Amino acid sequence: GQQVMQIPQYQHVQEGEDFTTYCNSSTTLSNIQWYKQRPGGHPVFLIQLVKSGEVKKQKRLTFQFGEAKKNSSLHITATQTTDVGTYFCAGPRGGTSYGKLTFGQGTILTVHP
Amino acid sequence: DSGVTQTPKHLITATGQRVTLRCSPRSGDLSVYWYQQSLDQGLQFLIQYYNGEERAKGNILERFSAQQFPDLHSELNLSSLELGDSALYFCASSAFSRIDTEAFFGQGTRLTVV
């Protein structure tokens with residue numbers, strides 16, 4: 001079945017350093033979503049990418065969707081301590097816009113002040 | 001605050017027991033999703049209801065069942081509980097049945113089976 005793999009599993013950075021997490025799907029995705037979960041919190045929707053090669057920015061966060069729509073990345077510039085948490089990508093299983101959302105295992109980001 | 005309310009926040013119960021988790025979606029949202037989050041399995045989709053009807057099913061065990069009521073709140077019933085069922089259970093809601101829309105997660109119910 002479809003798998004969504006995320007790397008790295010863990011990332012420790014010093015405050016001010018950049019951070020990138022990668023998401024790879026075994027099948028083509030109709031769209032990909034990114035969520036952030038703070039320690040002890042619940043997942044919070046960040047963004048959705050739909051188009052091949054799409055790039056979206058939210059302040060210091062840059063999201064990319066691959067040309068083949070099988071991979072995606074989230075890049076944070078100049079991390080801050082408020083960026084700590086787990087970042088998940090998620091894609092619909094089966095390549096449609098209905099059904100089951102498959103989450104990656106997440107990347108746990110720790111930012112050292 | 002996401003607008004999604006889950007109760008209870010914590011639940012401790014013994015193996016073999018049955019529990020019910022409750023979720024009230026955001027006002028106006030018709031879709032409710034249930035997810036299980038554990039350390040070894042990550043965030044796993046269990047089931048989706050849309051306007052009272054089951055819309056999609058994921059890795060939900062036969063011991064688990066769910067329903068969505070006319071007022072759109074949903075309940076997840078877990079029976080014959082095992083130690084391995086200990087996890088964080090999240091409910092999420094969205095306006096539509098399509099999953100390519102923003103979903104809002106509740107605070108979760110932490111279930112501990114002893």
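The sequence lines fix the lettering, A, B, ..., with proteins before strands; numbering per chain opens at 1. The structure displayed is predicted, hence computed values, not measured ones.
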**OP:** Would you check if the distance from the ring center of A:F45 to the ring center of B:F105 is below 6.0 Å?
**Re:** no
Subject >> Joint cluster assignment, A:Y22 & A:I76, ILVMFWY side-chain distance < 4.5 Å >> reply: no
**OP:** Verify side chain to side chain donor-acceptor pair (under 3.5 Å) between A:Q37 and B:Q37, making sure each step is shown before the conclusion.
**Re:** CA-CA 12 Å; A:Q37 184 175 17; B:Q37 185 174 41; 2.9 Å; yes
Subject >> Whether over 12 other heavy atoms sit under 6.0 Å from A:E17 CD >> reply: yes
Original post:
Does CD in B:E62 sit with more than 12 non-hydrogen atoms of other residues, nucleotides or ligands closer than 6.0 Å?
Top reply: no
Subject >> Least distance between heavy atoms, A:H42 atom then B:G106 atom >> reply: CB-O, 3.0 Å
**OP:** Provide the closest heavy-atom pair for A:K100 versus B:K57 in the form atom of the first, atom of the second, distance.
**Re:** CE-O, 2.5 Å
Original post:
Would a line drawn from the ring center of A:F103 to the ring center of B:Y35 be shorter than 6.0 Å?
Top reply: yes
Subject >> Structural part of B:F104 lying under 4.5 Å from a heavy atom of chain A >> reply: neither
**OP:** Assess whether atom CG of B:L83 is packed by more than 12 heavy atoms of other residues, nucleotides or ligands within 6.0 Å.
**Re:** yes
Original post:
Are B:L11 and B:W34 in one and the same hydrophobic cluster, where Ile, Leu, Val, Met, Phe, Trp and Tyr link if side-chain heavy atoms are under 4.5 Å apart?
Top reply: yes
**OP:** Quick one: closest heavy-atom pair of A:G41 and B:F90, and the distance?
**Re:** O-CZ, 3.7 Å
**OP:** Can you establish whether the number of heavy atoms outside B:I12 located under 6.0 Å from its atom CD1 is more than 12?
**Re:** no
